[in-house]
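What follows is one structure encoded as structure tokens, with my remarks underneath.
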Amino acid sequence: MVGNHTYSHSISYNEGAENFLDDVQRCNQVLKSILGDQYSSKLMRFPGGYLGHGNRLVPYRDAVVKAGYTYVDWNDETGDAEGSNPAVPVLMNNLKVNTASASSDSVVVLMHNAGPKKNTVQALPEVI
């Protein structure tokens, strides 16, 4: 399933909940143009993650829930955003340390697919 992560990926959350929801809808249009008219997902993840931002994002959460979305957040990471391109053993160690301390029965791993993240791609089979 392909979920929505917004069109602009703004993590400042200064645009207001209504404009934020417009950004989510704009991303849906792009996804539909790529995946076809049958694409209809109501799954999303907030840019920057939701859980770490406290009550300031409640209006944004309420807006997406009212629009019919379910949101998911990551609770573990490889740390691939730290540094320029951490080595695979570093990424895997970060994941193991973070997973061991996770307080949830399920683990949602944050990884990035930007061009310079070559080691992230190399680590993916081991992560899976």
Side-chain angles (χ1 to χ4, degrees):
M1 175 178 286
V2 176
N4 190 314
H5 193 50
T6 73
Y7 183 83
S8 67
H9 198 267
S10 172
I11 60 173
S12 66
Y13 291 97
N14 291 326
E15 67 277 293
E18 192 171 307
N19 288 334
F20 176 80
L21 190 56
D22 289 343
D23 196 54
V24 171
Q25 300 296 1
R26 185 173 181 191
C27 180
N28 270 344
Q29 292 305 314
V30 171
L31 291 171
K32 189 173 275 202
S33 75
I34 295 167
L35 300 172
D37 289 334
Q38 294 85 5
Y39 169 78
S40 177
S41 176
K42 288 292 190 171
L43 177 67
M44 69 155 305
R45 184 173 75 80
F46 287 86
Y50 174 75
L51 300 177
H53 292 287
N55 291 332
R56 186 172 73 86
L57 296 186
V58 168
Y60 299 86
R61 181 203 61 205
D62 291 349
V64 298
V65 168
K66 184 177 178 183
Y69 287 89
T70 300
Y71 61 90
V72 64
D73 199 7
W74 55 275
N75 61 1
D76 202 349
E77 64 179 321
T78 61
D80 64 355
E82 308 299 321
S84 60
N85 193 25
V88 172
V90 171
L91 298 174
M92 293 310 300
N93 186 61
N94 290 341
L95 184 64
K96 289 173 186 170
V97 167
N98 294 332
T99 300
S101 64
S103 61
S104 176
D105 290 337
S106 62
V107 178
V108 178
V109 180
L110 174 67
M111 298 174 75
H112 298 85
N113 66 340
K117 304 296 181 188
K118 305 277 187 238
N119 290 336
T120 299
V121 174
Q122 296 299 317
L124 188 56
E126 193 172 342
V127 169
I128 294 171

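Being a predicted model, the structure only gives us computed values, none of them experimental. Just the heavy atoms: all of them, side chains too, but no hydrogens, waters or symmetry mates, feed the values below.
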Task: Straight-line distance of Leu31 CG to Asn4 CG, nearest 0.5 Å - done: 6.0 Å

TODO: First locate atom CG of Asn93, then atom OG1 of Thr78, and finally report the distance between them rounded to the nearest 0.5 Å.
DONE: 11.5 Å

List the atom pairs, with distances to 0.1 Å, where a side-chain N or O of residues 80-90 and a protein N or O form a donor-acceptor pair under 3.5 Å, not counting sequence neighbours.
unit_1	atom_1	unit_2	atom_2	d
Asp80	OD1	His112	ND1	2.6
Asp80	OD2	His112	N	2.7
Asp80	OD2	Thr120	OG1	3.0
Asn85	OD1	Asn119	N	3.3

So [Y] and [X], do their side chains get closer than 4.5 Å, heavy atoms only?
X	Y	result
Thr70	Lys42	no
Ser41	Val2	no
Asp73	Val108	no
Phe20	Ser10	no
Arg45	Leu110	yes
Tyr7	Asp22	no

Please answer: with hydrophobic residues joined when any side-chain heavy atoms are less than 4.5 Å apart, are [X] and [Y] in the same cluster?
X	Y	answer
Trp74	Val72	yes
Tyr13	Val65	yes
Val109	Leu91	no
Val127	Val121	no

Give the minimum heavy-atom separation between [X] and [Y], together with the two atoms involved.
X	Y	value
Cys27	Thr6	CB-C, 3.6 Å
Leu21	Ala63	CD2-O, 3.9 Å
Met111	Leu124	SD-CD1, 4.0 Å

TODO: Give a yes or no on whether Lys118 atom NZ has more than 12 heavy-atom contacts from other residues, nucleotides or ligands under 6.0 Å away.
DONE: no

TODO: May I ask you to check whether Tyr60 and Phe46 place their ring centers less than 6.0 Å from one another?
DONE: no

